[in-house]
Amino acid sequence: MTEKKGDGTVSETHTHFIKHIVSKDMEEGAYDEIVTRFPPEPNGYLHIGHAKSIVLNFELADEFGGRTSLRFDDTNPLKEDVEYVKAIKEDIDWLGYEPEEVRFASDYFEEMYKQAVHLIKQGLAYVEDLSQDEIRNMRGTLTEPGKESPSRSRSVEENLELFEKMRAGEFADGEKVLRAKIDMSSPNINLRDPVIYRISHTTHHNTGDAWCIYPMYSFAHPLEDAIEGVTHSICTLEFEDQRPLYDWVIANADMTAEPKQIEFARLNLTNTVMSKRKLKQLVDENIVDGWDDPRMPTISGLRRRGFTPESIKQFCREIGVSKADNLVDVRMLEHFLREDLKLKAPRTMAVLDPIKVVITNYPEGQVEWLPADINPENEEMGMREIPFSREIYIEREDFMEDPPKKYFRLYPGNEVRIKHAYFIKCEDVIKDENGRITELHCTYDPETKSGSGFNARKVKGTLHYVEATRAVPAEFRLYEPLIDDEAGGDFMDHVNEDSVQVHHGFVEPNMANVTGNDKFQFFRHGYFNVDPKKSSEDRLVFNRIVSLKSSFKLNG
RNA sequence: AGGGCUAUAGCCAAGCGGUAAGGCAUCGGAUUUUGAUUCCGUGAUUCGCAGGUUCGAAUCCUGCUAGCCCUGCCA
């Protein structure tokens, strides 16, 4: 369990193939220092899959005493926006990582242009006259080689001139394109003279109208890495086929650095969609309440739901890094949230679906303030006092008129403990004209007061409660997975129509002033977060982050 | 099918020629003023399959099977 950081010591846990590669490189002295980067395109919000990559990149470099930068891969102005730049920075910061530097691919447009010219001069790139359709048709198929374009044999001088005109805005979008001259018959389609620059008369969020030609990812990315001195360029599996092109660019550009691309498997979670396209669709079609809806697997959604940075990071560490396609059970994420909050969150009581209990033998008008530990597993959190009186609320589901076997909550004639207070026994059930239970009449035994040491008899059940006259109204939002079933077909057919359950109940009086993102464990319910958007001073709204585990089953 | 990659328990995953770590989930049992926590216990004679090399193979070799990715002027 040596998990040292920042001193170059390799941890013995969480070992994986990328760490092996880096270890070996460092032992062989291949690099002075390891440099990684997290390179999001600012075209959407970050999700937990990105968190896996963020944790990997930052902690890997940190472990070897290296550095990590944040670099926005903004080479396609059609899809990118500053809104996303801002959100991405915020999410990384919230997770607790500080990039060595923040850069943009667009910072290097001039340098990339020069490198393209360098390729042209070597006869390794040419300006293409063919249309997009013609290029596609001549590319061949998976099993047949492509055909060489007539433009391929253009002279260096003419290519230089045309490329300059492309930059100068003398052509319309799609009229010309710059292609790398590699191999039209390569079995790897990425090497069949890939397009490396296209014309797009579009305002860029960063460079404005300075450019009307933009480099393609496959050309830009290796250059960005080389410029920044990145040693290990970590990306996901679908870029594996691009690695030969990545290496080709590095080999033929006028660059001394030799970054190495390493691919790992992206994260998939049960009951979750994990692509920006799909998440954007959920937002655009108003299936959810924005990118930060508490049901979204986005970092901002998880944050609003109440997940902590530490729980997300620990999850990312524990799932490991490999090249095998995977589908991780969301319950694993939930586990790390519970583990993180177990000792940190105050434990208080909330009644989500109240039913009133009148304790008929308790003096009218009397109130007792009972001592209660804030977290029995963490005494440093101290004590609080909670009121108890003749009328309290308990959970409607904690009473059954006709209970099955092994039900040890309240039922007629049964005695249970009220947490931190007394034993009560159900004497009478009051119903309205529709037969709905409106009130329970109980008696209490003064001798059974909590902390009194009473042990003449035992009860099987302990119920939480909120004192009725001082109860603070609150809204509770419970969540189910947004996606019913991750398998097959259009994911929109699997959207759970009933993924939010709203309850109106009460919390303890001492919770009247909680504010955005405060987290609590509500006894027997789970961990809750004060919704930073919906909650206000006069309307408390709690999101259930995760429930407590439970082995209780009715009828079983 | 041309190329690239992957395959270890229900899920994730270590392992790197010396006899299958760990986590999640599940199911038992003990403790419990949360049906929680905690604690103990629970599963691979076998690593996709078939051959081969070796004293010895999840690890090396050969063949096969299955799954994922690649024919954007997206990243």
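Numbered from 1 within each chain, the chains take letters A, B, ... in sequence-line order. In this text, all values refer to a predicted model and were calculated from it rather than measured experimentally.
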Q) Between A:K519 and A:D340, is the closest basic N to carboxylate O distance under 4.0 Å? A) no
Q) Can you list the residues that meet the salt bridge (charged side-chain N to carboxylate O under 4.0 Å, His left out) rule with A:R396, with sequence neighbours excluded? A) none
Q) Which nucleotide in the list B:rA1, B:rC74, B:rC73 gets nearest to the side chain of A:I135? A) B:rC73
Q.
Taking the minimum atom-to-atom distance to the side chain of A:P187, which one of B:rU71, B:rG3, B:rC12 wins?
A. B:rG3
Side chains of [Y] and [X]: any donor to acceptor distance under 3.5 Å?
X	Y	value
A:E377	A:N375	no
A:Y527	A:Q521	yes
A:H221	A:Q261	no
A:Y422	A:E447	no
A:N43	A:K276	yes

Q: Return no unless some side-chain N or O of A:K549 is found under 4.0 Å from OP1 or OP2 of B:rU37.
A: yes
Q. If each of A:V321 and A:L130 is mapped to the nucleotide of RNA chain B with the nearest heavy atom, which maps nearer the 5' terminus, i.e. the 5' end?
A. A:V321
Q | Student check: side-chain heavy atoms of A:E480 and A:N271 closer than 4.5 Å | A | no
Which atoms of nucleotides 4-10 of chain B (N or O only) lie under 3.5 Å from a protein N or O atom, and what are those distances?
unit_1, atom_1, unit_2, atom_2, d
B:rG4, O2', A:D241, OD1, 3.4

Q: Runs of at least three consecutive Watson-Crick or G-U pairs, both distances under 3.5 Å, are what I'm after; which ones involve RNA chain B?
A: B:2-7 with B:65-70, B:10-12 with B:22-24, B:27-30 with B:38-41, B:48-52 with B:60-64
